[in-house]
Amino acid sequence: MSRNIKIIHFLEATLFTEAFINSFEKTSSNVTFYIINNGALHHHYMDKPNVKLFDTSNHVRRLSIIQSINETNTQVAFFHVLNAVKMDIILSLRKDIRKIWCLWGNDFYDTNYYYPFNLYEKHNLAFFEKDKSILRKIYNKPEVKTFIFNILKNINSKGIKSTLLTKLNNHFAVDRYMFIKKNIDYISYIVPKEKEILSKIFPGKVFCHLYSDPNLPQFHHIKNNKGDSAEGNNILLAHSAAETNNHLDCIEILKSCNLSTQKIISPLSYGGSKEYIDEVIRRGKEYFGDRFIPLTERLPLAQYSEVLSSCSVAMMNQRRQQAGGNLFHLIGSGIKVYLNTENGFYDYFIDNGIKVFDINNFQNNFDTNENLEMNNQKLRELYSEQHFQNEINISLQNL
């Protein structure tokens, strides 16, 4: 397919929005970006003629934009993160416009009834289930929820309707599954493992890989780094307070290590509940005292980079694909990164010659006597402008 086809993108205003605009506007000579927001935005990229506000609070303006899209020769629509607002937009667009779901992470893993996926390691899971009944613990198992999901899917296939079934369909994401199956033409993944999982859930869908994005803010630092090993001595524990970081399991690993004078720096400014953050801080302080440093205020990127420069090792214990931008920064800075092998980034990095390490082997092996000099170069090759454009060209040809 020609690169002069009319393409539209729907996405929210986030830290990465400008990077995506800068990358994707090179993919076609006729591309428009609709920034979804409830009210006005004050980002300088909004001054671009091909960037427009899609104000969800302005019903008249919203209908006008949809009508304009449907009346033009728009051929492809990208939806970055699939949520209720974008699903409503998809239903409003012409049927012949090809719709691409650009998966980010939470729009898949947070509704994982389609596929039995355990997000928590042993100690995090124990924390969340400490006051739960045996029945609730059984119900919370992903395999059980997936079993219920499949039963509901079979009931729906028979055309049965009821108020109770509607509520259950919503709770177990059966309606979301049916929506994707019926209305999404292509799915863009971030790591190949997601393609493997999603191809089992949605057999017959076409997949593409559009997130080798060289314009992410984290890459500005990587491009200026020569790949030297990190000079700091501290340990970074995760990137946020999100429960999927499995902080409590990391703390258990660190308890049995001879840390000498190393500090443990744990960013906890966003992503988790207060109860969980308090528990992470309580255990960190109990076991490591003043050497456990929780960062409860969000830092500007430049200041955060300074904090990272004091670390030589990072523990990223997510079982799902998560924190890609942070991983790029850490690896590109020469920091030794330990990943959960269930994380799709683990195999993706290993397969592309980037050295990362199994977090289960962290104990007594957290020194930095590893040759990581090639990591920066390998990362820049994998996320280069040329690599990104090649992925785009392949995808456009298959649309």
Side-chain angles (χ1 to χ4, degrees), residues 10 12 36 38 56 79-93 95 99-121 124-189 193-205 207 242-244 246 271-273 275-276 318-322 342 344:
F10 288 92
E12 281 79 14
I36 298 174
N38 185 14
T56 56
F79 296 88
H80 301 258
V81 182
L82 189 62
N83 54 30
V85 171
K86 298 194 184 84
M87 290 166 70
D88 185 54
I89 293 171
I90 288 171
L91 293 177
S92 302
L93 296 180
K95 297 294 184 184
K99 287 88 175 177
I100 301 178
W101 167 26
C102 292
L103 179 153
W104 277 29
N106 65 305
D107 50 338
F108 170 53
Y109 297 102
D110 289 357
T111 53
N112 64 339
Y113 303 125
Y114 321 133
Y115 190 85
F117 200 92
N118 293 295
L119 295 174
Y120 302 120
E121 292 291 344
N124 258 49
L125 183 62
F127 171 75
F128 292 120
E129 293 191 337
K130 63 181 185 298
D131 298 322
K132 301 290 191 302
S133 65
I134 294 176
L135 187 61
R136 172 60 67 172
K137 289 178 181 179
I138 293 173
Y139 167 76
N140 281 341
K141 290 183 178 296
E143 296 86 352
V144 173
K145 291 186 176 182
T146 301
F147 177 74
I148 297 172
F149 167 86
N150 286 325
I151 290 176
L152 292 172
K153 189 172 68 170
N154 289 333
I155 292 174
N156 279 272
S157 68
K158 302 180 186 302
I160 299 173
K161 305 287 184 181
S162 74
T163 303
L164 176 60
L165 184 59
T166 298
K167 291 181 179 179
L168 290 172
N169 284 342
N170 179 262
H171 181 77
F172 287 94
V174 177
D175 49 0
R176 182 181 175 86
Y177 165 83
M178 298 302 294
F179 178 92
I180 294 170
K181 185 176 179 181
K182 182 178 179 180
N183 298 287
I184 296 295
D185 300 300
Y186 305 85
I187 301 175
S188 171
Y189 56 90
K193 185 173 183 177
E194 290 167 339
K195 177 183 177 182
E196 295 175 13
I197 295 173
L198 285 162
S199 62
K200 297 175 182 177
I201 301 169
F202 300 105
K205 291 291 183 188
F207 293 87
E243 290 92 343
T244 50
N246 291 301
S273 68
E275 180 187 14
Y276 178 71
Q318 307 92 345
R319 291 176 59 87
R320 49 158 282 194
Q321 171 272 115
Q322 193 173 351
E342 291 296 319

Taking atom [atom1] as the centre, does [X] end up with more than 12 heavy-atom neighbours from other residues, nucleotides or ligands that are less than 6.0 angstrom away?
X	atom1	answer
K130	NZ	yes
I134	CD1	no
Y139	OH	yes

Would you say [X] and [Y] make side-chain contact, with heavy atoms under 4.5 Å?
X	Y	result
N156	Y177	no
L82	K99	no
Y120	N246	yes
E196	F207	no
I148	L152	yes
F108	I197	yes
I36	I89	yes
L168	V174	no

Minimum heavy-atom distance [X]-[Y], with the two atoms named:
X	Y	value
E12	H80	OE1-O, 3.8 Å
E143	P116	CG-CB, 3.9 Å
F202	K181	CE2-N, 4.1 Å

Nearest-0.5 Å distance that lies between atom [atom1] in [X] and atom [atom2] in [Y]:
X	Y	atom1	atom2	answer
N83	D110	CG	CG	12.0 Å
L93	K86	CG	NZ	13.0 Å
F128	N140	CZ	CG	11.0 Å

Does any N or O in the side chain of [X] come within less than 3.5 Å of the main-chain N or O of [Y], such that one atom is a donor and the other an acceptor?
X	Y	answer
T146	Y113	yes
Q321	W104	yes
K205	I180	yes
N154	N150	yes
R319	N118	yes

For this session: Determine, for E129 against K141, whether the closest basic-nitrogen to carboxylate-oxygen distance falls under 4.0 angstrom.
Result: no
Problem set entry | Set of ring pair (Phe, Tyr, Trp, His ring centres under 6.0 Å) partners for Y189, sequence neighbours left out |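 With sequence neighbours excluded, Y189 shows a ring pair (Phe, Tyr, Trp, His ring centres under 6.0 Å) to H209, given in chain and number order.
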Problem set entry | For K95, all residues meeting salt bridge (charged side-chain N to carboxylate O under 4.0 Å, His left out), sequence neighbours excluded | none
For this session: Go through the steps to decide whether F149 and F172 satisfy the test ring-ring contact (aromatic ring centres under 6.0 Å, His included), and finish with yes or no.
Result: CA-CA 6 Å; F149 167 86; F172 287 94; 8.4 Å; no
For this session: For F179, check side chain to side chain contact (heavy atoms under 4.5 Å, CB included) against everything at least two apart and list the hits.
Result: M87, I90, L91, N183
